[in-house]
Amino acid sequence: DYYNNTNLANEIIQKEKSASTGKVTVSPQLTSVFNTYKDPNLDGIGNPFIGIDGTLQYLEDLGLEPEDVVVLALAEFLQSPGEGVFKQDQFLTNWSKVGCNTIPAQRDYINKVLKPKLYSDKEYYKKVYQYTYKFVLEKDQKNLPLDTAIAYWNLILPTSLQQQLNKFIEYLKETEVEVITKDQWYMLYPFLQEYAKDPTLENYDIEQSWPVLMDEFFDWLEEKGEMEE
Amino acid sequence: MPPTRADQGTSYSPYLIKTWKEIQPSILIILGDSQNSSLDPLMYTQTYTKVYDYCTSNSSTRTQHQNASDGGDGAVRLVGSELYVRLQEYLKTYLGELNPKDGETFLQFYTRAWQRFLIGSTRLNDILDYINRYWVAKERADGRREIYDILSLCMLSWRDYKFHSNLDRLMGEIMGQIEAQRLNKIESTADLSVAIKSFVLLGFDVNDLKKQNLSVYINDFEKTFLTETYNFYTEESAQFIKDHGVVNYLAKAEQRIEEELKRLEDLNDHTRRPLNEVLNEVLIINHAQTIRNELTPLLDQGRYTDIKRIHTLLKRVPATVTPLLEDFQNYIKQQGLKTIEDLDVQMREAHKAEAAAAKSGPRKKQSKDYVDPKLYITTLLSVYKKYQNVVEVAFDNNEAFVKALDSACQQFINKNKTATPTSRAKSRTPDLLARFSDELLKKNDSEDLAIDELMTIFNFVEDKESFEVWYRRYLSRRLMGSNMSPSAEEHEEYIIQKLKQANSLEYTNKITSMFNDIRISKDLGAVYKESTMKEANPKEFVSDIEPRVLDSNAWSSVFKDTSDSFILPKELIKSQEKFTTIYQERFTGRQLNWIWSKGKVEVKANLARPGKPPFSFQLTLFQYSILSPYNEVQELTTSKILELTALSPEIFKVNVAPLVKNKLLVQTPPGEDNIIKPNTSFKMVKEYTSKRPKINFAVGVKAIDSRNEDKETNEEVERRHHEILKACIVRVMKARKNYKHEQLTSEVIQIIDRFVPTVADIKKAIEVLIDEQYLARTADGSGYEYLS
């Protein structure tokens, strides 16, 4: 019932507000959720944030394992700048936008909106996949160390691409690739999709825009193929 | 006997009958009677007058008569119709009764009768001129196209009564004659030519009788002639190739074509084009594949005259030359690859044998690289020259073949067993060419000719950037060595000129600046000397120095020195400072870095037996720094020397070794391995003994790692490529803003002309630019956008 459910009503009003003005009103409930987890210290520019301990507690309260792939979607949703950090403004604004002011509401949102969307909406998946690179990269790193990259690929890439991913990882390890650049990360997902569709890479063309890393993988596969003959 | 009475069914007026009776004998003689009588002038005049009289007779008579005979069509005509019809009938009868004489072939008869009839017709046309001029002209003007002038009437009659009815027989005999000629049984005869030309005169344009019309010639002669020609040569050429082989066929075909074209004298010129086409098809196109297949064996056997024949023949049909070009190009490429492959094996074996000999025999320096640049480059050149000669001898330096040669050479010169052991390896040819040029220039017996040959290979080198980098590396060694003789400098100059011509001024900028650096350095040395002499105490300075002040951009190979920490012996410091001051005065704002490892010193050593002149030692700067403390002490340990000089142990080791080996220093405990042990001591001898007054200790210093230098040069080439590519991509993207990968790649390849970038090179440059945020991938990843 629309009028009797004040929560829902508020939610809708807030949604409309945020849609029309771009500003949101933060409910005290949400602020208190944030305060539950926030770090005793301020961040580098003097703003409150949720640190690593708070994050772990927050995830636990949401019923999420840290290695759940949906955590990446959550991180993207809250525009986390890196692992174990949620900034106050992003946390409050983004949850307010969807009107989830309590832990149960947020849990529902994660399970009923973010999770299904991750599997059904390709564009959204791609966004989360690309965001992950930035998210995982540590402050002083220019490129992602191979081990980290592999760990997160295994986490985020769909199981339907697991076989192709394994082959690719085998190549990276054998040729002692040390880091993965952002461009290589971005292009791996479409590449693995192509690879899954064309298992012998018959139609692969190095004249196309694939990064050199994929070209070299292709050569490596070809050489291996020759050795097996 | 010719008839004198009218055909049945036609009733003539009495006047016509009378006139015809009077003129018929003359007409018979004109056309030719059995006695071949000749017409006397009187008869001629009389006939002409009779015709005139007839045509101009009383108009009422003729009108009346005309009306009756025309069945009332209402047309008023000039008199003449009856005479015309009568003549037409007469010609039919006359021709019908002309027959071959005994023993005469039909062709002979036809030719003879035709020639006579042609004369008769012309004269008949003259004598009946009045009809032509008045009656015929009027009738045709009224649109009666079936009325002809008398000459045409004669030709038509011949065509209808003598030609068409005998066409098969006539053509049979004509083609029989032609075939007999082709089989060399008979010579060409006049009969044949006359008969064939008769076909031309028998064609008419109904609307314009004066216009030549080839319909009869084309339809009744040419078609058959071409078909039979085609059939004849199809059979003959196949048989000939079977019996005598393709090579002999080439001359045969050429000869046949010549013969057939000569035959055109007997034919109408119209046949020239179709005959050429038939001959080209039957003699060339149909055998082109077979002929082409001969190219490889003939090249193998060096039979260039026969190859020239192939070219001469196929050239007639340009489309057949294209595959020949491909074969030729491919052949050269394969020969080039094969030759280098053989050479590669040979060089590896020679290198192995040398290594074995070096082990057992006296120790000789052997390079790690098995490739002999001179052998490699001259072999490339020999392949090029061999086929350049073929192009000249067999293909008359035809432009297309020159191009095929160049393309083939470019392929095998840049990529072959030695240059690119793996398919993705960077070609070693630029390096080897630079090394070869270094050998030539060092020996200084290089003729201009040899340099020109070097340039020949240079022009085929795809990666000109790489050559330039390698060339500078070797040049820096030549320039750093002893002074160049004027003639050597001339040769250097000559090469630079050639490189400049082949590329651009910019290409040789760095090379030229290296020579400048040497020149300026000499001047600086002179300035320094002058300035030290003005000092209060000149003894505090080294009097003669040979500085080398080099631009690090051009001399990159010189600039790798790990001995930054080196401590210059104190007696040299004043000189160094003096020079630095002089330099900074002249070139403000430039930084001077000292490359200690390149320094050499010549010293006088007072170690000779008393009464003998002092020795002259040539040392590296490091060796000098090791020896310098011995001015004060007799013995030093390794750790002390390292402390005084700050040399790295490896450098110390290679520098001290020749001093020990040549018995200037006595090492305890001895042995190479002990050199770098801290407590090993080195004691200087009190008196040095040597037969020579000059001793060069510097030559004994081993290079630490020369392989490294190769790697560094290769890296420099890579860097150059990478920078050029990046600049090029940015330029293109700046203009295009948003561009597909494939388009970007192809545009970049088009722009860059000094080397051929690989796909991977381009992609790496793109990826770096993405990383540096000059570019971003478009959403679908298949293109890029320029980020300003």
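These numbers come from the heavy atoms of this one structure, side chains and all, not from hydrogens, waters or symmetry mates.
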Inspect the surroundings of NZ in B:Lys726 and state if more than 12 heavy atoms from other residues, nucleotides or ligands are less than 6.0 Å away.
yes

Grab the two heavy atoms, one from A:Ser209 and one from B:Ser782, that are nearest each other, plus how far apart they are.
OG-CA, 3.4 Å

Just how far is it from atom CD of B:Gln773 to atom NZ of A:Lys182, taken to the nearest 0.5 Å?
6.0 Å

Would you say B:Lys737 has more than 12 foreign heavy atoms packed within less than 6.0 Å of its NZ?
yes

Rounded to the nearest 0.5 Å, the CG atom of A:Asp183 sits from the CG atom of B:Leu775 at a distance of 10.0 Å

With a sphere of 6.0 Å drawn around OH of B:Tyr370, does it hold more than 12 non-hydrogen atoms of other residues, nucleotides or ligands?
yes

Part of A:Pro211 within contact of chain B (heavy atom distance under 4.5 Å):
both

Could you grab the distance from atom CG of A:Asn143 to atom CG of B:Asp771, nearest 0.5 Å is fine?
6.0 Å

Inspect the surroundings of NZ in A:Lys134 and state if more than 12 heavy atoms from other residues, nucleotides or ligands are less than 6.0 Å away.
no

Would you indicate whether the side-chain heavy atoms of B:Ser746 and A:Glu207 approach each other to under 4.5 Å?
no

Please determine whether the number of non-hydrogen atoms from other residues, nucleotides or ligands lying under 6.0 Å from atom CD of B:Glu772 exceeds 12.
yes

If I take atom CD from residue A:Gln208 and atom CD from residue B:Glu742, how far apart are they, to the nearest 0.5 angstrom?
5.5 Å

For A:Ile206 and B:Val759, work out which heavy atoms get closest and say how close.
O-CG1, 3.3 Å

Are more than 12 heavy atoms, taken from residues, nucleotides or ligands other than A:Glu65, located less than 6.0 Å from that residue's CD atom?
no

Using a 6.0 Å cut-off, check whether atom NZ of B:Lys333 has over 12 heavy atoms from anything other than its own residue.
no

A:Val212 and B:Lys763: which non-hydrogen atoms are nearest, and at how many Å?
CG2-CB, 3.2 Å

